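Given the structure is predicted, the values throughout are model-derived calculations rather than measurements.
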Amino acid sequence: MKDNTQTSNDAASEPVHVCILQSGAAWNGQPYEEYPAGKPQISVMLMTLPPHTDLPWHTHPMPNTAYVLSGQLTIEDKETGQTQSFNAGEALNETVNSAHRGYTTDKTTELIIFYAGVEGQELSEPLPGEKPEF
């Protein structure tokens, strides 16, 4: 019978797989209905937000997921006022075609954001009167 006990040396020699997030809905429960029509284009962005940053109100026309590398990000839904905070090591699915914004508090926050869009599609669309998110 083989001994499956791993020592500390064995643990470093094997891949580790951890599913951070798997969901068909955004952070606030909004279900994803479909992907945009067109030629698929995946975009990956590294975003760094200084302390006390308020992003403008905006929407996304495609599903996207953010992974918080460091700091804390709070997402706020414009229509309901619902908020939820995400810390380093957590991921969140953003809403599609629903106005929201993110903000930071006392720490610089770094995110990696994965967008599942199509060629020629803007990643973020500001609400009227708002500045672009990036």
Side-chain angles (χ1 to χ4, degrees):
M1 177 187 243
K2 182 179 177 191
D3 181 2
N4 289 324
T5 306
Q6 286 188 332
T7 66
S8 59
N9 290 340
D10 291 337
S13 66
E14 296 294 322
V16 175
H17 305 277
V18 178
C19 181
I20 304 294
L21 173 67
Q22 185 175 45
S23 175
W27 66 273
N28 65 355
Q30 176 199 44
Y32 288 150
E33 300 294 331
E34 60 187 16
Y35 288 104
K39 184 176 180 188
Q41 184 173 39
I42 301 295
S43 301
V44 180
M45 177 185 294
L46 173 63
M47 181 181 280
T48 303
L49 301 169
H52 306 289
T53 295
D54 292 333
L55 292 172
W57 293 105
H58 62 278
T59 63
H60 299 287
M62 82 284 286
N64 69 90
T65 298
Y67 178 81
V68 183
L69 290 171
S70 64
Q72 181 184 68
L73 180 71
T74 299
I75 301 292
E76 180 179 9
D77 182 273
K78 185 166 178 61
E79 183 178 326
T80 66
Q82 179 183 357
T83 63
Q84 188 169 342
S85 295
F86 298 89
N87 298 297
E90 296 180 320
L92 65 130
N93 288 337
E94 292 197 63
T95 57
V96 175
N97 297 321
S98 177
H100 64 280
R101 68 177 179 163
Y103 59 87
T104 62
T105 54
D106 296 333
K107 296 179 184 176
T108 297
T109 299
E110 285 190 310
L111 312 164
I112 295 180
I113 310 169
F114 305 85
Y115 298 90
V118 296
E119 280 188 354
Q121 188 174 42
E122 295 294 328
L123 302 179
S124 177
E125 299 172 350
L127 293 189
E130 294 282 336
K131 295 179 181 180
E133 181 182 16
F134 40 81

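Phe134 CZ: more than 12 foreign heavy atoms inside a 6.0 Å radius.
With sequence neighbours excluded, no residue forms a side chain to side chain donor-acceptor pair (under 3.5 Å) with Ser70. Under the side chain to side chain donor-acceptor pair (under 3.5 Å) criterion, Thr53 pairs with no residue, sequence neighbours left out. In this view, Phe114 and Val44, Ile112 satisfy the side chain to side chain contact (heavy atoms under 4.5 Å, CB included) rule, not counting sequence neighbours. In this view, Asn64 satisfies the side chain to side chain donor-acceptor pair (under 3.5 Å) rule with no residue, not counting sequence neighbours. Among residues two or more places apart in sequence or in another chain, the side chain to side chain contact (heavy atoms under 4.5 Å, CB included) test is passed with Asn97 by Pro61. With sequence neighbours left out, the side chain to side chain contact (heavy atoms under 4.5 Å, CB included) criterion links Lys107 to no other residue.
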Quick one: side chains of residues 87-95, donor-acceptor pairs under 3.5 Å with protein atoms, not counting sequence neighbours, listed by atom name and distance.
{"from": "Asn87", "atom 1": "OD1", "to": "Gln72", "atom 2": "NE2", "distance (Å)": "2.9"}
{"from": "Glu90", "atom 1": "OE1", "to": "Asn87", "atom 2": "N", "distance (Å)": "2.6"}
{"from": "Asn93", "atom 1": "OD1", "to": "Thr65", "atom 2": "OG1", "distance (Å)": "2.6"}
{"from": "Asn93", "atom 1": "ND2", "to": "Ala25", "atom 2": "O", "distance (Å)": "3.0"}
{"from": "Glu94", "atom 1": "OE1", "to": "His60", "atom 2": "NE2", "distance (Å)": "3.1"}
{"from": "Glu94", "atom 1": "OE1", "to": "His100", "atom 2": "NE2", "distance (Å)": "2.7"}
{"from": "Thr95", "atom 1": "OG1", "to": "Ser98", "atom 2": "O", "distance (Å)": "3.1"}
{"from": "Thr95", "atom 1": "OG1", "to": "His100", "atom 2": "ND1", "distance (Å)": "3.2"}

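Pairs passing the salt bridge (charged side-chain N to carboxylate O under 4.0 Å, His left out) check and including a residue from residues 112-121, sequence neighbours excluded, read Lys39-Glu119. Note on residues 124-134: no pairs pass salt bridge (charged side-chain N to carboxylate O under 4.0 Å, His left out), not counting sequence neighbours. The list of salt bridge (charged side-chain N to carboxylate O under 4.0 Å, His left out) pairs with a residue in residues 51-76, not counting sequence neighbours, reads Glu76-Arg101. Residues in residues 22-34 take part in these side-chain hydrogen bond (donor to acceptor under 3.5 Å, both in side chains) pairs, two or more places apart or across chains: Asn28-Asp77.
A single hydrophobic cluster is not seen to contain both Tyr115 and Leu46; linkage of ILVMFWY side chains at heavy-atom distances under 4.5 Å, directly or through other members, places them apart. Linking Ile, Leu, Val, Met, Phe, Trp and Tyr residues whenever their side-chain heavy atoms come within less than 4.5 Å leaves Val68 and Val18 in two separate clusters.
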Exercise. Go through the steps to decide whether Asp106 and His52 satisfy the test side chain to side chain contact (heavy atoms under 4.5 Å, CB included), and finish with yes or no.
Key: CA-CA 6 Å; Asp106 296 333; His52 306 289; 2.9 Å; yes
Quiz prompt | side chain to side chain contact (heavy atoms under 4.5 Å, CB included) evaluation trace for Thr48 with Glu110 | solution = CA-CA 4 Å; Thr48 303; Glu110 285 190 310; 3.5 Å; yes
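Considering OG1 of Thr59 and CD of Glu122, their distance stands at 11.0 Å, rounded to 0.5 Å. Considering CG of Leu21 and OH of Tyr67, their distance stands at 11.5 Å, rounded to 0.5 Å. Once rounded to the nearest 0.5 Å, the distance linking NE2 of His58 with CG of Leu127 reads 9.0 Å. Atoms CE and CD1, on Met47 and Ile113 in that order, are 4.0 Å from each other to the nearest 0.5 Å. The CG atom of Leu111 lies 7.0 Å from the CG atom of Leu69; values are rounded to the nearest 0.5 Å.
Using a 4.5 Å cut-off on side-chain heavy atoms (C-beta onward), Gln82 and Ile75 make no contact.
Residues Thr108 and Pro51 come closest through the heavy atom pair OG1-CD, 3.3 Å. Closest of all the heavy-atom pairs between Tyr35 and Ala116 is CE2-CB, 3.8 Å. For the pair Gln41 and Gly120, the tightest heavy-atom approach, listed with the atom from each and the gap, is OE1-N, 4.0 Å.
Between the side chain of Ser124 and the main chain of Pro132, no donor-acceptor pair closer than 3.5 Å is present.
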